Every structure is written in C-alpha cells, then in structure tokens.
Colleague: 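Below is the structure I would like to discuss, written out as structure tokens.
Count residues from 1 along the sequence. Quantities reported herein were computed from a predicted structural model and do not represent experimental measurements.
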Amino acid sequence: MTFNETITHQLAHRSIRDFTNEPLSASTRETLLAVARQTASSQYLQSFSVISITDRALQAEIAKVSHQAYVAGPGELLIFVVDQYRASRVAALHTTAPTRLGSMNKFLQGAADATLAVQNTVNAAESLGLGAVILGSIQNDAERLYELLDLPELTFPILGLLVGHPAKIVQQKPRLPAALTQFTNRYALPAELAAEMHAYDPVVATYYAGRDFNQRADTFSALLTRSATKAPTDRRGDLFQTLRRHGWFPEA
C-alpha cells in the first residue's frame with residue numbers, strides 16, 4: 001500500500017459520538033462548508049443543500065427523531081438535503097415547460113451528490129483533527145424533519161453529520177475482508193464465503209467484547225441477519241410514501 005497524510009487519516013477513520021464543549025471556529029466551519037460545496041457533482045447540477053443547525057432546541061428535536069441522545073449534545077450538526085426544489089425554481093425562471101425533477105433519476109442524482117458531500121466533509125474534518133459521525137438515523141421520521149426544517153417539495157433530508165472536537169478516541173471497527181468487497185471486471189463473491197465469514201466473525205466479536213463502551217456479544221453475521229430480517233422501525237417503512245407526498249416519483 002502507498003501512504004501519505006491524507007490516506008493515513010482516511011484509514012484511521014472511526015465514528016466519534018462524544019465531543020468536548022469547544023465549538024468549531026468560524027473559520028473551520030466556513031472551511032468545512034466550502035469543502036462540501038466543492039464536492040464532485042453529477043452533471044455539475046449540484047443537487048444538494050446543507051442546513052447548519054445552530055438552534056439548540058431544534059437540535060434536541062432532531063435528536064428525538066434520531067433516538068440518539070448524543071445528537072443533542074456538543075458538536076455541530078449539519079443536515080444534508082437532496083435538493084431539486086432549487087432546480088425547479090431556477091428552471092421556472094426560463095421555461096413554462098413541465099420538469100421531470102421528481103423522477104427516480106433526479107432523486108438518485110441528488111442523493112449521490114449529497115452523500116459524496118457528506119463523506120468529503122468528514123475527510124476534511126478528520127484532517128483537521130476533528131471527529132464526526134454520519135447520521136442516517138434522521139430518516140427514522142423524515143416527515144418530522146420536513147416539518148422541523150421547513151423543507152419544500154422536491155427535497156429530502158438524507159443524512160446528518162455531527163462534527164466536533166473529540167472527547168475521546170474510540171476503537172476502530174474492523175471491516176469486511178477485501179475478498180468479499182473488491183472484485184475485478186465482474187461481481188464474484190468467493191466460493192469460500194462461509195469460510196471467510198467464519199474467520200471474520202470472531203474479529204468482530206472481539207471488537208464488540210473489548211471496546212470501551214456498550215460492550216456486547218455479537219458477530220457481523222448475526223448483525224447482518226437481524227438487519228436483513230427485521231421490519232423497518234419507526235416511520236422508515238413509510239419512506240416511499242413520504243417521498244411521494246413531497247413531490248418525488250410522480251411516475252410511480
């Protein structure tokens with residue numbers, strides 16, 4: 001493997017949920033948002049927006065949606081939004097023709113833009129010695145996020161990001177072996193899948209048993225199987241209808 005400072009930071013990534021009370025400086029905040037804005041974008045359409053949460057009461061309400069108490073604690077919260085509403089307003093300045101901005105294609109385009117921006121921001125934050133955790137949990141009740149954030153049609157709050165100064169550094173979660181995630185030319189899970197998992201599961205079990213917080217007996221196979229067979233909780237099962245109510249997928 002080849003290393004430089006950037007790669008060293010990326011390979012050391014871990015989610016940080018415990019932050020000090022030290023706020024981000026205005027300069028750091030501006031830098032992180034500039035990095036998000038400069039992220040690669042599909043067709044240069046820049047189909048996402050970022051909402052900075054500075055109202056602590058609002059942050060507490062978002063924490064309730066996430067069911068994660070730490071979201072209401074120290075750390076600066078950013079909400080990344082799939083945004084085709086802005087495109088609809090710009091297009092309306094130039095045409096009266098109907099748009100197709102609510103299509104699956106346009107949703108996925110915005111989702112890709114927003115997700116790339118999240119990861120780009122995490123990379124920048126970690127390079128500055130900060131910690132971050134990505135919050136898919138804001139989708140527990142997306143309808144509530146629409147209300148809290150005054151989101152218009154043709155938007156979707158896809159991910160949150162909590163950034164701050166780490167109060168402590170946690171152990172790194174071991175990743176799946178390369179043989180199960182990296183292929184050449186064609187998708188090709190190895191015939192030795194069971195053996196690969198048999199070797200990986202004890203590594204994950206050791207991590208869960210020995211980490212500094214929330215220790216438990218678990219394996220990756222058990223975790224994945226629970227996820228694969230469990231019905232959606234909260235209002236995640238309503239996500240498709242939520243999207244439909246806010247202008248997405250009129251063709252469905």
Colleague: For N123 and Q119: C-alpha separation, side-chain torsions, deciding distance, then whether side chain to side chain donor-acceptor pair (under 3.5 Å) applies.
Modeller: CA-CA 6 Å; N123 290 347; Q119 184 59 58; 2.9 Å; yes
Colleague: Suppose we screen for salt bridge (charged side-chain N to carboxylate O under 4.0 Å, His left out). Which residues come up paired with E61, at least two apart in sequence or across chains?
Modeller: K64, R144
Colleague: Tell me whether S88 contacts the main-chain N or O of Y85 through its side chain, where contact means a donor paired with an acceptor under 3.5 Å.
Modeller: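 Side chain of S88 to backbone of Y85, a donor-acceptor pair under 3.5 Å: yes, one is there.
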Colleague: If two hydrophobic side chains count as joined below 4.5 Å and joins carry through other members, does V170 share a cluster with Y207?
Modeller: no
Colleague: Heavy-atom distance under 4.5 Å between the side chains of F80 and I138, does that happen here?
Modeller: no
Colleague: Mind checking the CD-CG spacing from Q182 to L176? Nearest 0.5 Å is all I need.
Modeller: 10.5 Å
Colleague: Quick one: does any side-chain atom of R235 pair with a main-chain N or O of Q139 as donor and acceptor, under 3.5 Å?
Modeller: no
Colleague: Under a 3.5 Å threshold, yes or no: a donor from one side chain and an acceptor from the other, between Q46 and D113?
Modeller: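 No, no side-chain donor-acceptor contact under 3.5 Å.
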Colleague: Looking at G131 and F19, what are the two nearest heavy atoms and their distance?
Modeller: O-CE2, 3.4 Å
Colleague: Provide the closest heavy-atom pair for E143 versus H246 in the form atom of the first, atom of the second, distance.
Modeller: OE2-NE2, 2.7 Å
Colleague: Quick one: does D201's side chain have a donor or acceptor within less than 3.5 Å of a partner on F220's backbone?
Modeller: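 Yes; at least one donor-acceptor contact below 3.5 Å.
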Colleague: Heavy-atom distance under 4.5 Å between the side chains of L78 and S52, does that happen here?
Modeller: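 With C-beta onward as the side chain, the pair touches.
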Colleague: Rounded at 0.5 Å granularity, tell me how far CD1 in I158 sits from CG in L135.
Modeller: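 If I round to the nearest 0.5 Å, the distance is 13.0 Å.
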Colleague: Checking the side chain of Q59 only, and the main-chain atoms of T54 only, is there a donor and an acceptor separated by less than 3.5 Å?
Modeller: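 Absent.
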Colleague: Would you please test I51 and L151 for side chain to side chain contact (heavy atoms under 4.5 Å, CB included) and show each step?
Modeller: CA-CA 10 Å; I51 300 176; L151 294 173; 3.9 Å; yes
Colleague: Would you say F48 and L159 make side-chain contact, with heavy atoms under 4.5 Å?
Modeller: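 No - every pair of side-chain heavy atoms lies 4.5 Å or more apart.
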Colleague: CD of Q171: more than 12 outside heavy atoms within 6.0 angstrom?
Modeller: yes
Colleague: Could you pull out the closest heavy-atom pair between P74 and N21, with the gap in Å?
Modeller: CG-OD1, 3.3 Å
Colleague: For side chain to side chain donor-acceptor pair (under 3.5 Å), just list the numbers for R236 and N140, CA-CA rounded to whole Å, side-chain angles, deciding distance to a tenth of an Å, and then say yes or no.
Modeller: CA-CA 5 Å; R236 281 179 177 258; N140 286 346; 2.8 Å; yes
Colleague: Going by heavy atoms in the side chains, are Y70 and V133 under 4.5 Å from each other?
Modeller: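 They are in contact (side-chain heavy atoms under 4.5 Å apart), so the answer is yes.
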Colleague: Could you give me the CA-CA distance, side-chain angles and deciding distance for L148 and L58, then say whether side chain to side chain contact (heavy atoms under 4.5 Å, CB included) is met?
Modeller: CA-CA 7 Å; L148 290 171; L58 176 58; 3.8 Å; yes
Colleague: Cluster question for you: counting only ILVMFWY and a side-chain heavy-atom cut-off of under 4.5 Å, with indirect links fine, are L116 and V163 together?
Modeller: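 Each belongs to a different hydrophobic cluster.
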Colleague: Is it the case that one hydrophobic cluster holds both V81 and V35, taking links as side-chain heavy atoms less than 4.5 Å apart, direct or via other members?
Modeller: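 As far as the 4.5 Å side-chain criterion goes, V35 and V81 are not connected within one cluster.
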Colleague: Compare every heavy atom of I79 with every heavy atom of L149, then report the nearest pair and how far apart it is.
Modeller: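 That closest heavy-atom pairing would be CD1-CG2, 3.9 Å.
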Colleague: Taking it one step at a time, do M1 and I7 satisfy side chain to side chain contact (heavy atoms under 4.5 Å, CB included)?
Modeller: CA-CA 10 Å; M1 292 178 64; I7 291 170; 5.5 Å; no
Colleague: Using 0.5 Å steps for rounding, measure from the CD1 atom of I53 to the CG atom of L162.
Modeller: 11.0 Å
Colleague: Got a donor-acceptor contact below 3.5 angstrom from the E153 side chain to the G102 backbone?
Modeller: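 Side chain of E153 to backbone of G102: no pair is present.
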Colleague: Within a radius of less than 6.0 Å around CD of Q215, do more than 12 heavy atoms belonging to other residues, nucleotides or ligands occur?
Modeller: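 Yes, enclosed.
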Colleague: At their closest point, which heavy atom of L24 faces which heavy atom of E76, and how far apart are they?
Modeller: N-OE2, 3.2 Å
Colleague: Quick check against the 3.5 Å criterion: does T39 have a side-chain atom that pairs as donor or acceptor with the backbone of A36?
Modeller: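 Confirmed, T39 side chain pairs with A36 backbone.
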Colleague: State whether the number of non-hydrogen atoms from other residues, nucleotides or ligands found under 6.0 Å of E147 atom CD is greater than 12.
Modeller: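 Yes, the 6.0 Å shell around CD holds more than 12 heavy atoms from other groups.
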Colleague: How long is the gap from OG on S221 to CZ on R226, to the nearest 0.5 Å?
Modeller: 11.0 Å
Colleague: Is it true that V50 and F156 fall in one hydrophobic cluster, defined by side-chain heavy atoms closer than 4.5 Å?
Modeller: yes
Colleague: Would you call K106 and L45 a side-chain contact if the rule is heavy atoms closer than 4.5 Å?
Modeller: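 In contact.
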Colleague: Just by modelled atom types, is the Q68 backbone N or O under 3.5 Å from a matching donor or acceptor in the S66 side chain?
Modeller: no
Colleague: Among all residues two or more places apart in sequence or in another chain, which pass the ring pair (Phe, Tyr, Trp, His ring centres under 6.0 Å) test with F213?
Modeller: none
Colleague: Has R86 got more than 12 heavy atoms of other residues, nucleotides or ligands less than 6.0 Å from its CZ?
Modeller: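 Result for CZ/R86: enclosed.
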Colleague: Which distance, rounded to the nearest 0.5 Å, do you find between the CG of N120 and the CZ of R37?
Modeller: 12.5 Å
Colleague: So, S47 side chain and G110 main chain: donor-acceptor pair closer than 3.5 Å or not?
Modeller: no
Colleague: Please enumerate all residues that pass side-chain contact (heavy atoms from CB on, under 4.5 Å) together with F249, with sequence neighbours excluded.
Modeller: M104, F107, F240, L243, R244, E251, A252
Colleague: Could you check if a side-chain atom of F183 sits within less than 4.5 angstrom of a side-chain atom of L189, using non-hydrogen atoms only?
Modeller: yes
Colleague: If I compare all heavy atoms of V203 with all of P174, which pair ends up nearest, and what's the gap?
Modeller: CG1-CB, 3.7 Å
Colleague: Going from OG1 on T121 to CD1 on I134, what distance comes out if it is rounded to the nearest 0.5 angstrom?
Modeller: 9.0 Å
Colleague: Determine whether R89 and L93 satisfy the following criterion, side chain to side chain contact (heavy atoms under 4.5 Å, CB included), listing intermediate values before the conclusion.
Modeller: CA-CA 7 Å; R89 297 302 86 207; L93 298 175; over 6 Å; no
Colleague: Could you check whether any side-chain heavy atom of S137 comes within less than 4.5 Å of a side-chain heavy atom of V65, counting everything from C-beta outward?
Modeller: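 The answer is no, as the side chains (C-beta and beyond) never meet within the 4.5 Å cut-off.
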Colleague: Within the supplied structure, the quantity of interest is the number of heavy atoms (other residues, nucleotides, ligands) at a distance under 6.0 Å from R14 CZ; does it exceed 12?
Modeller: yes
Colleague: Quick one: does T242's side chain have a donor or acceptor within less than 3.5 Å of a partner on D238's backbone?
Modeller: yes
Colleague: Should L180 and L193 count as side-chain neighbours, where that means a heavy-atom distance under 4.5 Å?
Modeller: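 Yes. Closest side-chain heavy atoms under 4.5 Å.
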Colleague: Do other residues, nucleotides or ligands put more than 12 heavy atoms under 6.0 Å from H198 NE2?
Modeller: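 Counting neighbours around NE2 of H198, 12 or fewer heavy atoms of other residues, nucleotides or ligands fall under 6.0 Å, so no.
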